[in-house]
Number of protein chains: 2
Amino acid sequence: MPRNEVPTSRRERPAKPALTRQGIVDAALAILREEGLARVTMRRIAAAMDTGPASLYVYVHNTGDLHAQILDALLAPVSEPLPDGGTWRARLGELLARYRDVLFSHPEIARMAISTRPDGPHYLALVESILALLVEAGATDRAAAWGVDLLMLYPTAVAAEHATPSPSGRAPDPGADIAELTGRLAAADPARYPTISRLGPALVSGSGVQRFDWALDVLLAGILADRSGTE
Amino acid sequence: MPRNEVPTSRRERPAKPALTRQGIVDAALAILREEGLARVTMRRIAAAMDTGPASLYVYVHNTGDLHAQILDALLAPVSEPLPDGGTWRARLGELLARYRDVLFSHPEIARMAISTRPDGPHYLALVESILALLVEAGATDRAAAWGVDLLMLYPTAVAAEHATPSPSGRAPDPGADIAELTGRLAAADPARYPTISRLGPALVSGSGVQRFDWALDVLLAGILADRSGTE
DNA sequence: ACCTGAACACCGTTCAAGT
DNA sequence: ACCTGAACACCGTTCAAGT
């Protein structure tokens, strides 16, 4: 047996990927799934691939480059074909809900996606679909062009809200946000913050999905109301 | 002279703050101004205060706690009184432009503000003002309550876009984003991404301020159009 | 050309021990 | 109660040296 060939019967590290750009991304995705983004480090990936961190720099420019690759890989299911039929609104809602779901499952990636704009094929396909639906809905070219940013920024930012800033150890624990916010608002001095006090219940009302749907309607109403791009 | 008293004539570290919660925040703000958020570390702050990092944990829970304090301090100028007169729209625009400017000057703080909701007095004052203006503008209670989130998320996310993910060394270099995006869009295959290709110029058109003003109008139109909270 | 050991210059947080 | 030295368990990136 040539010495490069690894016997397939080795039981440990069954999915040890090859030392290529794609192999590195695959290893990173596995670690992301199992340990969270905070553990997706050059050193951790290198260890999973039985090498040193310096070896990765042959294929990956830096950590940002790696993260952008990870996001595009995660976006693959978003660009799967939509069910036939349905209004542009239903199709747009489905597309953005898929995008939101991916980001909600990986809040730390969402956080990253805000400053590192992804540019992979899956991301471009999503932008293309949203733009086409906005044009179909009657948006002006400029409203569609500027609106796609706004529409995608929203789920990204909401998902990123649920990311713990750096340590990935802590459990996500949804509901803690609301409970904490409720407490803070209840503690707000009614004399200094009268409107906050009065609207307190409304401020914390609604589930994440309800607020998401509401925001989508708000954004679309605003985008479609803009006729200034028409001459 | 009692041994605790430091002669005021010592020329180095002229503004060495006292080891208190406020002193730590002040030291952090000084480092932020001079070296960027990436250098605002427990170790760096401790060094500036002539002590070890462990000492800071007496006053600060963790890095997130510290960052939230920093943001609220930066928000102080936002809650200075608005010029008298002006429509609710002008006042709201001014308030959000101030908020945007603070975050644009500190993109890394904006990035952080997305996941760590600030809760200091200056932040609450801003929320209070925006809520009051939305109600004055005729928004329903629910539209105001949910809308304030949307209105504040937008400048935060846009500012965070300009933050380099982690290393603070690189210069901000505005325009590089647009140039890079333009190149990527030009390279987009017109057969696979026809709408992106057709809208290419519109996608990268407009200055940051133009797009900000446009987004504000879109958001407000959508928020004020929502009457579903009215019975 | 590709790969790597070792080093450089750092991190946040904890904890036992001091004052 | 407050403060701290030292340690624990890590980081990203570079570079000279190997194959």
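Here is the naming used below: chain letters follow the sequence lines, and residue numbers restart at 1 for every chain.
Judged by distance alone, the side chains of A:T156 and A:Y99 do bring a donor and an acceptor atom under 3.5 Å apart.
Atoms NE2 (B:H61) and P (C:dT14) sit 12 Å apart, rounded to a whole Å. Across the protein-nucleic acid pair, B:R39 atom CZ and C:dG12 atom C1' stand 15 Å apart, rounded to whole Å. One interatomic measurement links the two molecules: CZ of A:R44 to C1' of D:dC11, which rounds to 14 Å at whole-angstrom precision. Taking atom CG on A:D50 and atom C1' on C:dT4, their separation rounds to 13 Å, with Å as the unit. If you measure from atom OH of A:Y57 to atom C1' of D:dT13, you get 5 Å, rounded to the nearest angstrom. Atom CG of B:N62 and atom P of C:dC11 are 17 Å apart (whole Å). Rounded to an integer number of Å, the gap from CD1 of A:I45 to C1' of D:dC10 is 15 Å. Between B:M42 atom CE and C:dC10 atom P the separation is 18 Å, expressed in whole Å.
Salt bridge absent: B:R98 and B:E80 never bring a charged side-chain N and a carboxylate O closer than 4.0 Å. Between A:E34 and A:R39, no side-chain nitrogen of the basic residue sits less than 4.0 Å from a carboxylate oxygen of the acidic one, so the salt-bridge criterion is not met. Electrostatic pairing of B:R21 and B:D26 does not count as a salt bridge here, judged by no charged N lying under 4.0 Å from a carboxylate O.
From A:M152, atom CE reaches atom OH of A:Y123 across 4.0 Å, with rounding to the nearest 0.5 Å.
Taking atom C1' on both C:dA6 and D:dC11, the two are 16 Å apart, rounded to the nearest angstrom. Separation of the P atoms belonging to C:dC8 and D:dA9 is 23 Å when rounded to the nearest angstrom. For the C1' atom pair drawn from C:dC3 and D:dA16, the interatomic distance equals 13 Å after rounding to whole Å.
In the set D:dT13, C:dG12, C:dT4, C:dT4 carries the atom at the smallest distance from any side-chain atom of A:A54. Here the nucleotide nearest the side chain of A:V58, chosen from D:dC2, C:dT4, D:dC10, is C:dT4. Closest to the B:T63 side chain, of the nucleotides D:dC11, D:dC2, C:dT13, is C:dT13.
At the phosphate of C:dC3, neither OP1 nor OP2 sits under 4.0 Å from any side-chain N or O atom of A:T51.
C:dT4 and D:dA16 make up a base pair, with Watson-Crick or G-U wobble contacts both under 3.5 Å. Base pairing of D:dA9: no nucleotide in any strand meets the Watson-Crick or G-U wobble criterion (both distances under 3.5 Å).
Within the 4.0 angstrom heavy-atom criterion, base atoms lie near A:S55.
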